[in-house]
Structures are given as structure tokens and as C-alpha cells.
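What follows is one structure encoded as C-alpha cells, with my remarks underneath.
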Amino acid sequence: MKIDILTIFPDFFRGPLDYGIVRRARETGLVEIIIHDLRAFTKDKHRTVDDRPFGGGEGMVLKPEPIFECLESFGDVAPRKVRMRPGAKQSVILLSAQGRRLDQMLAAELAALSQTEKGRIVLICGRYEGVDERISDYLADREVSIGDYVLSGGELGAAVIMDAVTRLIPGAVGNQNSTRQESFTEFAGEGARDTQGDGPSSTCVSGGLLDYPHYTRPADFRGMAVPEVLMNGNHDQIRNWRRKTALAKTLLNRPDLLDRVALTAEDTELLEQIRFEQVELDAIRRQDILRDGASPVSTKDQK
Ligand code: SAH
């Protein structure tokens, strides 16, 4: 797979390309990542990439010409209408706060392009007040946001997409099963819910929930013990514990995900247990507060 990144700050990518899975994937030729300096596609002596907005207003806008010309210099990018068809092999993405929000399903969809001949992703990084809208209207086939906040440029977003996609390319991660077991992964393609296999490593896929908690040695760190169940070698119990803790964490941090996944009868039962235990825990906490004489009102309010 080829990933092209169009930016006015090419040096920005020195770090993100040079570590871990992304570095290895580049070195082994699974992915080729090319950074293009948009200033190389300007024609004036100041190498101007931005201009004032029509209609007035704050800030500057990235001009369309360098971006169009950079993309055209590749020579082999499919026309936009071909890229917009289902099953397209290439995607030209404009990073934008106004875009579709990146999630694991979109990352998997983009990584699937790596399986096709000529699979290619082009990431266009905006700056200033944004990019001339004609990029979105006539050049990019989609706009992608990495979250509901405004960044000062698309480079961090491009790095995030590049990383999330690269680690899903078959062969990028040593054990392919590990990317199937991760948070959100029900949405990430076939086999993601496959629970067959031996040993605890294959006994709990996230199935669209958050991942279960992980521990390593030492078993006792400063009096903080690893859950006993993980040490007894009973794979059924381990699987059950992992599913339950994944459900508990999802309920606590991302309850919205629970509405989107297909829960089994066992999951529903575990969720009931979790909710019941939570109520009990809250009651114990309240009793502790009353017993210790501490008021639930903050000390600041008491003064
Ligand atoms: N005026 C724009 C923000 C421009 S920020 C607005 O209000 O929506 C400048 C550039 O940063 C954008 O062109 C885009 O490329 C990038 N950017 C900002 N926030 C982003 C986000 N959440 N996701 C992806 N890219 C983002």
C-alpha cells in the first residue's frame, strides 16, 4: 500500500514514521509512505501556499493550485468519480474538523485497500483557517476528522490515520490475532468475533467493546496485586473475567458502544451482575463516608 501525505510542514512527520510498527512496516515494504511538500508546487518566489478569504474574515486559506498540482504530479491517481464508487481502490482524504469522524471501522476500510493492486491513500493536511473548499468539492473523495475538536493543522490527523491504518495491514503486527482482539474491533472486518482457538490469547475478542485489562509481572507490585483469576491457568474463568471486565469498562467509560454491539445472553447476564455489584459498591462507599464522618460535600463547601 502507498500512503501519500501532502503538507506544508514535511519535517513534521520525522517522528511518527520512525517508530515501532509503522517503521517496521515501511522497512519490510508493506507500506510506502511518501511526504510531499506543497511549497514545491508553488510558482512564485515566496512559495506562497495561502491567501486571504473571499468575502473577508479572519485568517488565511490554503490555495487550491499547489494541492491539485501535487496530486496531478503522481500521474496515476484515479479520477474522483471512480474513487467515490463502492469498492474503489484509492482514496484521497482531506483532513478536516468537518469530516466524518475516524473510527476503527473506517481504519479497517482504508486498510483493506492494501489488499488491492494499486491500493493507495492520499492525505491532504490543511492549515490556517482551512483549505479552499474546491479541494473537498472536486478533488478529495472524503473528508475525515479525528475528533470533535479543532487542531491547528491536519498533520497530526494524517499521522493518526497513517498509524491506525498501517497496523491493520496484514503482516504489520506480529500476531494478526492481536489486532482482532482490540477495542472496537467488531466493526473491523470478518473474523473479528472469532472465538475459536486454544489458550487465553484467543479466548476473548472485544466484539466492539473496549478491550479487557492487561497485566504483566510482577504479580504483586507495591502491594497492588494482579487479579488471582489470571494466574490459575483456567481458560474458561479467564475468558469469563475478560469479557466481564471489558463489559464493565465499556459501561463505565463508553456506554454508547453497548447500544451498537450484539450482546449475547451471557453478556446481558454479566452486565446485570456488574450493575448489581456497582450498586453494592456505591452503598459500601456511602457507608464508609458516614462511618468515617466525612461528608459527601467537598471540604471547600464546608468552609
Ligand atoms: N476553520 C476550520 C478549522 C481549521 S483548522 C473549522 O472551524 O472547521 C486547520 C486545519 O487543521 C484544517 O484544515 C484541517 O486540515 C486540520 N484539522 C483541524 N481540526 C481537525 C480535526 N478535528 N480532524 C482532522 N483535521 C483537523
Side-chain angles (χ1 to χ4, degrees), residues 2-17 22 31 33-42 47-74 77 80 83-84 90-111 113 120-168 183-184 187-188 253-254 256-257:
K2 231 182 199 174
I3 301 180
D4 297 280
I5 301 179
L6 279 53
T7 172
I8 60 168
F9 296 127
D11 289 346
F12 195 98
F13 292 92
R14 284 210 181 132
L17 296 185
V22 172
V31 62
I33 302 173
I34 309 167
I35 312 295
H36 304 269
D37 182 358
L38 285 171
R39 288 191 199 279
F41 296 87
T42 56
R47 311 217 300 161
T48 311
V49 287
D50 58 327
D51 208 337
R52 289 192 304 275
F54 278 123
E58 295 303 311
M60 301 295 273
V61 177
L62 272 190
K63 289 158 66 66
E65 304 94 312
I67 300 174
F68 268 83
E69 285 177 27
C70 178
L71 202 82
E72 283 155 7
S73 76
F74 301 169
V77 176
R80 182 173 186 264
R83 284 183 269 116
M84 304 220 19
Q90 301 181 335
S91 185
V92 175
I93 299 169
L94 173 65
L95 275 299
S96 164
Q98 300 138 42
R100 166 181 167 185
R101 208 159 44 187
L102 177 69
D103 57 18
Q104 192 67 7
M105 186 161 54
L106 178 55
E109 206 180 290
L110 294 172
L113 302 183
R120 184 169 197 165
I121 300 172
V122 181
L123 301 167
I124 302 171
C125 306
R127 277 272 155 184
Y128 315 118
E129 280 308 306
V131 182
D132 187 290
E133 194 69 12
R134 284 166 288 192
I135 300 302
S136 158
D137 289 343
Y138 299 101
L139 193 67
D141 46 80
R142 56 181 117 194
E143 291 179 79
V144 175
S145 159
I146 61 159
D148 292 349
Y149 37 78
V150 178
L151 298 165
S152 44
E155 285 76 9
L156 282 170
V160 167
I161 295 179
M162 178 268 297
D163 187 295
V165 169
T166 300
R167 63 197 302 291
L168 289 176
S183 299
F184 315 115
F187 313 109
N253 291 340
R254 291 292 306 278
D256 57 300
L257 294 178

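Just so you know, these numbers use all the heavy atoms, side chains as well, and skip hydrogens, waters and symmetry mates. Just so you know, ligand 1 is whichever comes first in the structure, and atom 1 is the first atom listed for that ligand.
- Only backbone heavy atoms of Val144 (N, CA, C or O) come within less than 4.0 Å of ligand 1; its side chain stays farther off.
- Scanning the protein heavy atoms around atom 26 (C) of ligand 1, the nearest turns out to be Ala97 N, 3.8 Å.
- Below 4.0 Å from some heavy atom of Gly154 lie the following atoms of ligand 1, by number and element: 11 (O), 15 (O), 16 (C).
- Here the protein heavy atom with the shortest distance to atom 22 (N) of ligand 1 is Tyr149 O, 2.8 Å.
- For the side chain to side chain contact (heavy atoms under 4.5 Å, CB included) test with Leu71, the passing option among Ile135, Asp4, Val92 is Val92; the others fail.
- Between Gly157 and ligand 1, no N or O atom pair is found at a separation short of 3.5 Å.
- Taking atom 3 (C) of ligand 1 as the reference point, the nearest protein heavy-atom neighbour is Val150 CG1, 3.8 Å.
- Contact of the Arg52 side chain with the Met60 side chain is registered, since non-hydrogen atoms from C-beta on lie closer than 4.5 Å.
- Here the closest heavy-atom approach between residue Ala159 and residue Phe13 is recorded as N-CE2, 4.1 Å.
- Of the candidates Ile93, Leu6, Leu139, Leu6 is the only one forming a side chain to side chain contact (heavy atoms under 4.5 Å, CB included) with Val122.
- Short contacts between ligand 1 and Tyr128, defined as distances under 4.0 Å to a heavy atom of the residue, involve ligand atoms 4 (C), 5 (S), 9 (C).
- Residue, atom and distance of the protein heavy atom nearest to atom 23 (N) of ligand 1 are Ile146 N, 3.0 Å.
- Between Ile161 and Leu95, the closest side-chain pair of non-hydrogen atoms falls below 4.5 Å.
- Protein heavy atom at the shortest distance from atom 7 (O) of ligand 1 is Gln98 NE2, 4.4 Å.
- Contact annotation for Ser96 and ligand 1: only backbone heavy atoms (N, CA, C, O) come within less than 4.0 Å of the ligand.
- Annotation: atom 19 (N) of ligand 1 to nearest protein heavy atom, Leu151 N, 3.0 Å.
- The Glu129 neighbourhood of ligand 1 comprises atoms 1 (N), 2 (C), 4 (C), with distances under 4.0 Å to a heavy atom of that residue.
- At least one heavy atom of Gly130 sits less than 4.0 Å from an atom of ligand 1.
- Contact detail for Gln90 and Arg83: the closest heavy-atom pair is O-CG, 3.6 Å.
- Between Gly99 and Ser145, the shortest heavy-atom distance links the atoms O-CB, 3.6 Å.
- Taking the side chain as every heavy atom from C-beta outward, Met162 and Val31 never approach each other to under 4.5 Å.
- Of all the atoms in ligand 1, the ones that sit under 4.0 Å from a non-hydrogen atom of Leu95 are 14 (C), 15 (O), 24 (C), 25 (N).
- In terms of heavy atoms, Ala158 sits closest to Ile5 at CB-CG2, 4.2 Å.
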